[in-house]
Amino acid sequence: MILTFPDGSKRTFSDGMTGIEVASEISPRLAKATLSCAIDGVHSDAFRPIHGDHSIKFFTFEDENGRWAYRHTASHVLAQAVKRLYPEIKLAIGPAIENGFYYDFDAPEAFSPDDLRRIEKEMEKIQQENHPLERFELPRAEAIAYMEQLGEPYKVELIHDLPEDATISFYKEGDFVDLCAGPHVASTGKVKNCKLMNVAGAYWRGSEKNKMLQRIYGTAFDKKIDLEAYVTQLEEAKKRDHNKLGRDLELFTTVDVIGQGLPILLPKGARVIQLLERFVEDEEQKRGYLLTKTPFMAKRELYKISGHWDHYRDGMFIMSDSADVEDPEAEVFALRPMTCPFQFMAYLNRPRSYRDLPLRYNETSTLFRNESSGEMHGLIRVRQFTISEGHLACRPDQVEEEFKGCLDLAKFMLDTLGFSEDVSYRFSKWDENDTDKYIGDKASWERTQDMMRVILNDLNVTFTEVDGEAAFYGPKLDIQIKNVHGKEDTLITIQIDFQLAERFGMVYTDADGEKKYPVVIHRTSIGCYERTLALLIEKYAGALPTWIAPVQVKVLPITDRAAEQSKVVAAELSNMGVRVETDLRNEKIGFKIRESQMQKVPYMLVLGDKEVEQSLVAVRSRKDGDLGTMTLDAFSAQLLKEIATKAR
RNA sequence: GCCAAUAUAGCUCAGUUGGUAGAGCAGCGGUUUCGUAAACCGCAGGUCAAGGGUUCGAGUCCCUUUAUUGGCUCCA
């Protein structure tokens, strides 16, 4: 057989050699490192014989595919270990994931940390026993019978749901067999350096209607040093966690009696958010937005028009004088979960002409959403939050241009805050198999989604398409960001809506005298301020860029003799609009510096007898340490420039 | 909402098999006036998250609630 390598070279091998055997003819080192391979571009086992002419590419741990096979095999070793220790436990699924793998088990009780250690030991044993992996296929009926015989109902269900023509493959390692599409590495001996991280509940097939299974998360690396580095990296990431750092730095706190998802923004956190809000509002004003201020609540009837009452009820806080919120006689209010219907009322204030469009409304808007109790997380998932909401009414011919403007604004914000490299773009579409969740018909959804896709392609946005993530009224471009734990959330969203204008009777009179419905773009320019603050804290490990630092300069007299001059310096800076504090306490300068440093204050001005005498300030930066003495004018000029340019 | 873990002073943590709370830092008072990441001495500070139960006796065991954390589901 003739095999073609990635560099285009061809070589002849005897038919039936395995990928690893081929690799060993190239170099023993490659053979040892090879975990899996691609045959004609299809990811495959490297331990299976190859027949005929193909292209071939080997994967080691350096390749995503290689890591995937390695960790997927690790998940099988985990399942094998669990079955050895607890034969009554049923197997569900166990894929490789980013940074590791998991396996779901139907276990009578949750695994304890002790159980994990036992399982980990058993996995090491299985690794040392070095069982080769063997692949075999069975016809559907036999496959089902086989899994029934093994007493694995979840596997039986999986096989039932496979398409008629699917190849049903199994992998065997020693006494353990699992239904699996593969590929895997050649033997359990290859899978070293596994670590079980934690246990979590997870619904069978991801549906809350199904039974909750026990999921064990683990990771595995080919080199021990890489595993250790990964564990260290996780610990380091935790130190940046906004939920810890934000509290330590007194940006926010929470109180039991106020409730879940309702954080208190302390003076420093409130200041940062105020700065962000002003920045966003000013930028939006420059871009032709009209500011509104609309009520935080409205009668049930408004949400019935918008569709929220039918499609978002669970997410709303409803207040009623009757126990039955559907009672037609009752007066029922709900706190607003979104600003759209309110800004639509501003549009409806008077008749609109095609000349009025595009009409861009913005509002720094506080919203209330009744998130499920298990969802809340620091400042990232809360029940009350403030967002830079905006709704644009435009003519169909203006949609692309306006969408572009929204994206440009979003990118400008990301750039200013330093998030540009950290985000990914998600085109969130509806789920055509679950149409009850949405308003509007299939044709209009497809039309809108196609239009959005064209716009995104025109704008050269690199994005992934995901079904089932749309808003109930339209598709979204979501700009996604990961927190310090690797969990992804939406930071910014831009949505196209062909539905709500009609529902609200929003029209404009076109040039031809016809009444037409405008297209509505819903958008945020940065995400909700609480979430943005959280991500800023994590990105900068609490050391916020000077322009948004709650305290920018701390003046530190060495002795009381410098106190008066310190107050003068602070007052001068304060008059320039600098956020400055003075530490007049009777403490040693090292102590004051330590505290300011831990509070991540960008600049410290140290004043002793020398500085007072020469009318200078000794500047210390939190980043670069002692910068030496200079005049206050020289320092403030440099500082004001840094603030004005929003340097990071 | 579901599966788990956790909850002791403002913070970080001790607290033996159940015998009615302890340290460091922070705070307050004093001494010290000091040159770039922690001066010294003293004082005060806790219904052990809340409520209920078992027990002669509960921070410790059990139940409920609340909050926090990690997942799942859901979402900005």
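So that the names make sense, note that chain A is the first sequence line, chain B the second, and so on, each numbered from 1. Quantities reported herein were computed from a predicted structural model and do not represent experimental measurements.
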Where at least one partner belongs to [range], residue pairs that pass salt bridge (charged side-chain N to carboxylate O under 4.0 Å, His left out), sequence neighbours excluded:
{"range": "residues 594-611 of chain A", "result": "A/Arg561-A/Asp609, A/Arg585-A/Glu595"}
{"range": "residues 361-373 of chain A", "result": "A/Arg336-A/Glu363, A/Glu371-A/Arg381"}
{"range": "residues 195-204 of chain A", "result": "none"}
{"range": "residues 246-264 of chain A", "result": "A/Lys244-A/Asp248"}

Taking only nitrogen or oxygen atoms into account, show me every contact under 3.5 Å that the protein makes with nucleotides 44-49 of chain B, one pair per line with its distance.
none

With sequence neighbours left out, what residues match [X] under side-chain contact (heavy atoms from CB on, under 4.5 Å)?
{"X": "A/Ala220", "result": "A/Tyr70, A/Arg71, A/Ala74, A/Phe101, A/Cys194"}
{"X": "A/Gln260", "result": "A/Ser373, A/Met376, A/Arg383"}
{"X": "A/Lys238", "result": "A/His485"}
{"X": "A/Thr366", "result": "A/Phe296, A/Phe368, A/Gln384, A/Thr386"}

Any side-chain N or O of [X] under 4.0 Å from OP1/OP2 of [N]?
{"X": "A/Arg205", "N": "B/U73", "result": "no"}
{"X": "A/Arg585", "N": "B/G27", "result": "yes"}
{"X": "A/Ser373", "N": "B/G1", "result": "yes"}
{"X": "A/Gln260", "N": "B/U66", "result": "no"}
{"X": "A/His377", "N": "B/G70", "result": "yes"}
{"X": "A/Tyr102", "N": "B/C72", "result": "no"}

Answer yes or no: is there an ion pair linking A/Arg117 with A/Glu120, defined by an N-O contact shorter than 4.0 Å?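 Salt bridge between A/Arg117 and A/Glu120, a charged N being under 4.0 Å from a carboxylate O: no.
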Could you tell me how far [M] sits from [N] if I compare only their [atom1] atoms? Round to whole Å.
{"N": "B/A39", "M": "B/A44", "atom1": "P", "value": "24 Å"}
{"N": "B/A7", "M": "B/U65", "atom1": "C1'", "value": "14 Å"}
{"N": "B/G29", "M": "B/C62", "atom1": "C1'", "value": "46 Å"}
{"N": "B/G70", "M": "B/U20", "atom1": "C1'", "value": "35 Å"}
{"N": "B/C48", "M": "B/G59", "atom1": "C1'", "value": "5 Å"}
{"N": "B/G46", "M": "B/C11", "atom1": "P", "value": "14 Å"}

Could you go through residues 412-422 of chain A and list every donor-acceptor pair under 3.5 Å that involves a side-chain atom there, pairing it with any protein atom two or more places apart or in another chain?
{"from": "A/Asp415", "atom 1": "OD1", "to": "A/Ser420", "atom 2": "OG", "distance (Å)": "3.1"}
{"from": "A/Thr416", "atom 1": "OG1", "to": "A/Phe412", "atom 2": "O", "distance (Å)": "2.7"}
{"from": "A/Ser420", "atom 1": "OG", "to": "A/Asp415", "atom 2": "N", "distance (Å)": "3.3"}
{"from": "A/Asp422", "atom 1": "OD2", "to": "A/Lys539", "atom 2": "NZ", "distance (Å)": "2.9"}

Select one nucleotide: of [options], the one nearest the side-chain heavy atoms of [X].
{"X": "A/Lys588", "options": "B/C34, B/C2, B/A37", "answer": "B/C34"}
{"X": "A/Ile593", "options": "B/U36, B/C34, B/C72", "answer": "B/U36"}
{"X": "A/Met598", "options": "B/C75, B/A37, B/C3", "answer": "B/A37"}
{"X": "A/Phe591", "options": "B/A37, B/G35, B/A38", "answer": "B/A38"}
{"X": "A/Thr254", "options": "B/U68, B/G1, B/U33", "answer": "B/U68"}
{"X": "A/Lys244", "options": "B/U12, B/G1, B/C72", "answer": "B/U12"}
{"X": "A/Val606", "options": "B/A39, B/A37, B/U36", "answer": "B/U36"}

Where RNA chain B forms stems, i.e. three or more consecutive Watson-Crick or G-U pairs with both distances under 3.5 Å: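 Correct response: B:1-7 with B:66-72, B:10-13 with B:22-25, B:27-31 with B:39-43, B:49-53 with B:61-65.
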Under the criterion side-chain contact (heavy atoms from CB on, under 4.5 Å), I'd like the reasoning laid out for A/Val520 against A/His522: C-alpha separation, chi angles, the key distance, then a yes or no. CA-CA 6 Å; A/Val520 175; A/His522 307 238; 3.7 Å; yes
Inter-residue atom distance A/Leu477.CG - A/Cys406.SG, 0.5 Å rounding: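 It is 10.0 Å, given to the nearest 0.5 Å.
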Does any residue of residues 612-626 of chain A have a heavy atom under 4.0 Å from RNA chain B, and if so, which ones, in number order?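 Going residue by residue through residues 612-626 of chain A, the ones with a heavy atom under 4.0 Å of RNA chain B turn out to be A/Ala618, A/Arg620, A/Asp626.
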Categorize [X] for me: base, sugar-phosphate, or nothing, with a 4.0 angstrom heavy-atom threshold over every strand shown.
{"X": "A/Ile589", "result": "sugar-phosphate"}
{"X": "A/Glu530", "result": "nothing"}
{"X": "A/Val382", "result": "base"}

Short side-chain donor-acceptor distance under 3.5 Å, A/Ser525 and A/Ser388: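 Yes, a side-chain donor-acceptor pair sits under 3.5 Å.
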